[in-house]
Q: 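My structure is below; once you've seen it, I'll send some questions.
Note that these values count all heavy atoms, side chains included, but never hydrogens, waters or copies made by symmetry. Residue numbers start from 1 in every chain, and the chains themselves are labelled A, B, ... in the order their sequence lines are given, proteins ahead of strands. Computed from a prediction, not measured in an experiment: that's the story for all the values here.
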2 protein chains.
Amino acid sequence: MPLKNTGTESLIKETAKRLFFAEGKLHATTQEIADAAGVNRTSLHYYFRSRDLLLEAVFKEAMQGLSLRLAECMEAEKPFKEKIENLIEVFLKDMIAFPYQETFLVTEINTLGKELMGNIQSGPIQTFLKDVRTEMDKGTLEEMDPIHFLMNLFSLLSYPLIMAPLYRQLFQISVEDFAILINQRKEMILTMLFKKN
Amino acid sequence: MPLKNTGTESLIKETAKRLFFAEGKLHATTQEIADAAGVNRTSLHYYFRSRDLLLEAVFKEAMQGLSLRLAECMEAEKPFKEKIENLIEVFLKDMIAFPYQETFLVTEINTLGKELMGNIQSGPIQTFLKDVRTEMDKGTLEEMDPIHFLMNLFSLLSYPLIMAPLYRQLFQISVEDFAILINQRKEMILTMLFKKN
DNA sequence: TTTTTATTTTACAATTTTGTTAAACAAAAA
DNA sequence: TTTTTGTTTAACAAAATTGTAAAATAAAAA
């Protein structure tokens with residue numbers, strides 16, 4: 001079964017991801033995607049049959065990637081604090097490259113429905129939540145529902161990057177100065193999350 | 001000049017806001033908006049001329065509202081900590097009602113361009129940033145760029161509500177349990193932001 | 001080489017979405 | 001009452017977007 005595999009299929013998918021996740025063009029048309037990929041729009045139908053199926057493929061891959069990244073960070077064989085440090089680095093890097101990935105996921109869930117996401121491994125997260133609880137018992141973390149701890153972590157990580165265009169206006173700062181601020185956030189988040197003493 | 005003022009114009013605008021901001025239907029069509037409002041689609045053109053102009057109206061009003069809410073919270077005649085408490089209450093309430101408002105604003109900025117938002121009063125924010133700096137000098141707040149403090153505040157406030165559909169899956173919790181968690185966040189955010197001693 | 005097969009493109013069709021024109025309607029003014 | 005004016009609707013037109021069929025192309029297989 002000889003596939004020529006010109007790479008067009010993944011080119012289209014990656015281009016769609018770039019438009020959706022990196023550039024925030026959440027309602028990009030098939031034409032816009034094809035143009036950005038430098039291919040004929042019909043190729044998009046050849047490989048994905050319809051726009052909806054392309055979106056579904058993009059959605060599922062993103063979901064799977066997120067799930068995998070989470071699991072890898074959470075199951076790493078490291079002391080708790082190092083795990084968190086690594087997690088911050090990994091997700092900060094991802095958010096800088098693809099700030100609108102999560103936004104895409106949520107809005108697609110809202111429109112296409114939640115059936116799409118069966119791919120989530122909730123196991124690693126549940127065990128990690130227990131690790132968080134253990135740390136709280138040890139006294140290294142403030143007492144709270146472990147879910148709050150994780151939500152706080154991802155809030156502090158993601159939100160500023162998602163809302164960058166808005167906050168640059170509100171705070172009247174340049175793209176460069178904003179980038180500097182973002183680079184300071186890893187350390188800052190760590191001091192926010194862990195107890196001082 | 002007697003206007004009959006049947007309220008249709010604002011009905012359309014409020015319905016659009018509901019779809020965009022509350023239900024997260026970020027690509028609602030004019031037909032969907034008209035149907036949701038229970039009016040003929042042509043009325044939408046009668047009052048707003050085009051879809052883009054309706055979006056522009058919605059965008060500008062939301063931006064103005066946000067700016068106003070911010071200014072009112074920040075300029076209030078209260079001790080700093082009470083200001084923050086009030087701000088959390090105000091914005092948490094708003095985020096519960098309209099979780100996708102900020103998402104809408106950012107994605108529209110990305111597509112329609114940044115020309116739209118001239119309406120922002122940056123003055124109140126700038127003076128408030130100085131207040132934050134003063135509090136840090138007093139020692140009630142952790143030392144950091146005041147912009148970080150504000151970004152942290154809004155991150156912790158907004159992000160969990162924006163990403164609720166995603167996080168409910170990741171954490172495997174029901175809508176009800178999630179709502180309970182959200183209700184705990186005001187107190188939790190306060191203890192995260194202010195120094196313990 | 002010819003044949004086969006996967007891929008790409010062209011041309012066209014169908015559907016969806018938006019926008020316009022003119023008529024119908026309803027309430028206040030004359 | 002009739003007239004006027006603002007509002008709503010119906011019917012139609014235009015544009016944008018998606019989808020399909022078949023032809024052209026190019027690379028591997030025979």
Side-chain angles (χ1 to χ4, degrees), chain A residues 1-21 23-61 100 104 107-108 110-113 115-116, chain B residues 1-21 23-61 100 104 107-108 110-113 115-116:
Chain A
M1 198 168 279
L3 290 179
K4 288 177 188 172
N5 194 8
T6 52
T8 306
E9 178 168 2
S10 67
L11 170 64
I12 292 171
K13 214 189 295 178
E14 295 309 309
T15 304
K17 283 185 187 169
R18 200 189 78 216
L19 291 182
F20 293 140
F21 302 166
E23 300 180 19
K25 305 255 169 70
L26 256 44
H27 11 279
T29 65
T30 53
Q31 187 67 67
E32 288 170 320
I33 296 169
D35 286 352
V39 303
N40 192 292
R41 187 176 60 83
T42 341
S43 296
L44 195 148
H45 286 92
Y46 176 71
Y47 287 105
F48 299 96
R49 294 243 312 286
S50 75
R51 182 182 194 273
D52 274 2
L53 287 173
L54 169 59
L55 287 209
E56 198 177 306
V58 167
F59 180 96
K60 284 186 175 167
E61 248 186 53
Y100 306 107
F104 174 88
T107 58
E108 287 307 311
N110 283 335
T111 52
L112 300 184
E115 312 84 56
L116 291 171
Chain B
M1 200 166 276
L3 290 177
K4 285 178 189 172
N5 194 7
T6 54
T8 306
E9 178 168 2
S10 68
L11 171 64
I12 293 172
K13 214 188 298 179
E14 294 310 309
T15 304
K17 282 184 187 171
R18 200 189 78 217
L19 292 181
F20 293 140
F21 303 165
E23 300 180 18
K25 305 255 168 69
L26 257 42
H27 12 278
T29 64
T30 53
Q31 188 66 65
E32 288 170 320
I33 296 168
D35 287 352
V39 303
N40 191 291
R41 189 176 58 82
T42 333
S43 295
L44 195 147
H45 287 92
Y46 176 73
Y47 287 106
F48 300 96
R49 294 247 309 288
S50 75
R51 183 181 193 273
D52 274 2
L53 286 173
L54 169 60
L55 286 210
E56 200 177 304
V58 167
F59 180 96
K60 285 186 176 169
E61 248 185 54
Y100 305 107
F104 173 89
T107 58
E108 287 307 312
N110 283 336
T111 51
L112 300 184
E115 311 84 57
L116 291 171

Q: CG of B:Leu53 versus P of C:dT20: gap in Å, rounded?
A: 11 Å
Q: Atom CD of A:Gln31 to atom P of D:dG19: distance rounded to whole Å?
A: 13 Å
Q: What protein N or O atoms touch nucleotides 22-25 of chain C N or O atoms at under 3.5 angstrom, if any, and at what distances?
A:
none

Q: Just N and O in the side chain of B:Thr8: are any of them under 4.0 Å from OP1 or OP2 of D:dT7?
A: no
Q: Out of C:dT18, D:dG6, D:dG19, which nucleotide sits closest to the side chain of A:Ser50?
A: D:dG19
Q: Does A:Tyr47 reach a base, just sugar-phosphate, or nothing at all? Heavy atoms under 4.0 Å.
A: sugar-phosphate
Q: Rounded off to whole Å, could you give me the CG-to-C1' distance for the A:Asn40 and D:dA26 pair?
A: 16 Å
Q: Quick check, are the ring centers of A:Phe20 and A:Tyr100 under 6.0 angstrom apart?
A: no
Q: By nearest atom, which of the nucleotides C:dT8, C:dG19, C:dT17 is closest to the B:Thr29 side chain?
A: C:dT17
Q: Does the side chain of B:Val39 reach to within under 4.5 Å of the side chain of B:Ile33, using non-hydrogen atoms?
A: no
Q: Is it the case that A:Asp52 and A:Ser50 place a side-chain donor and acceptor less than 3.5 Å from each other?
A: no
Q: Going by the rule ring pair (Phe, Tyr, Trp, His ring centres under 6.0 Å), which residues pair with B:Tyr47 if we only count those two or more places apart in sequence or in a different chain?
A: none
Q: Under 4.0 Å between a side-chain N/O of B:Tyr46 and OP1 or OP2 of D:dT7, yes or no?
A: yes
Q: Not counting sequence neighbours, list each pair that qualifies as a side-chain hydrogen bond (donor to acceptor under 3.5 Å, both in side chains) and has a residue in residues 8-21 of chain B.
A: B:Thr6-B:Thr8, B:Lys13-B:Glu61, B:Lys17-B:Glu61, B:Arg18-B:Glu23
Q: Measure the distance from CD on B:Glu9 to P on D:dT8 and round it to the nearest whole Å.
A: 10 Å
Q: Return the value, rounded to whole Å, for the distance between atom CZ of A:Arg41 and atom P of C:dA13.
A: 15 Å
Q: When you compare the side chain of B:Asp35 with that of B:Glu32, does any pair of heavy atoms fall below 4.5 Å?
A: no
Q: Rounding to an integer number of Å, can you tell me how far A:Asp35 CG sits from D:dT17 P?
A: 11 Å
Q: Among D:dT20, D:dA10, C:dG19, which nucleotide sits nearest the side chain of A:His45?
A: D:dT20
Q: Which nucleotide sits closest to the side chain of A:Ser43: C:dT18, C:dT9, D:dG6?
A: C:dT9
Q: Within this structure, what is the NE2-to-P distance between B:His27 and C:dT16, rounded to whole angstrom?
A: 16 Å
Q: Please compare A:Val39 and B:Thr30 by the position of their nearest nucleotide in DNA chain C and report the one closer to 5'.
A: A:Val39
Q: In whole Å, I'd like the distance from the CG atom of A:Leu44 to the P atom of C:dT9.
A: 13 Å
Q: Would you check if A:Phe104 and A:Val58 make a side-chain contact, meaning some heavy-atom pair closer than 4.5 Å?
A: yes
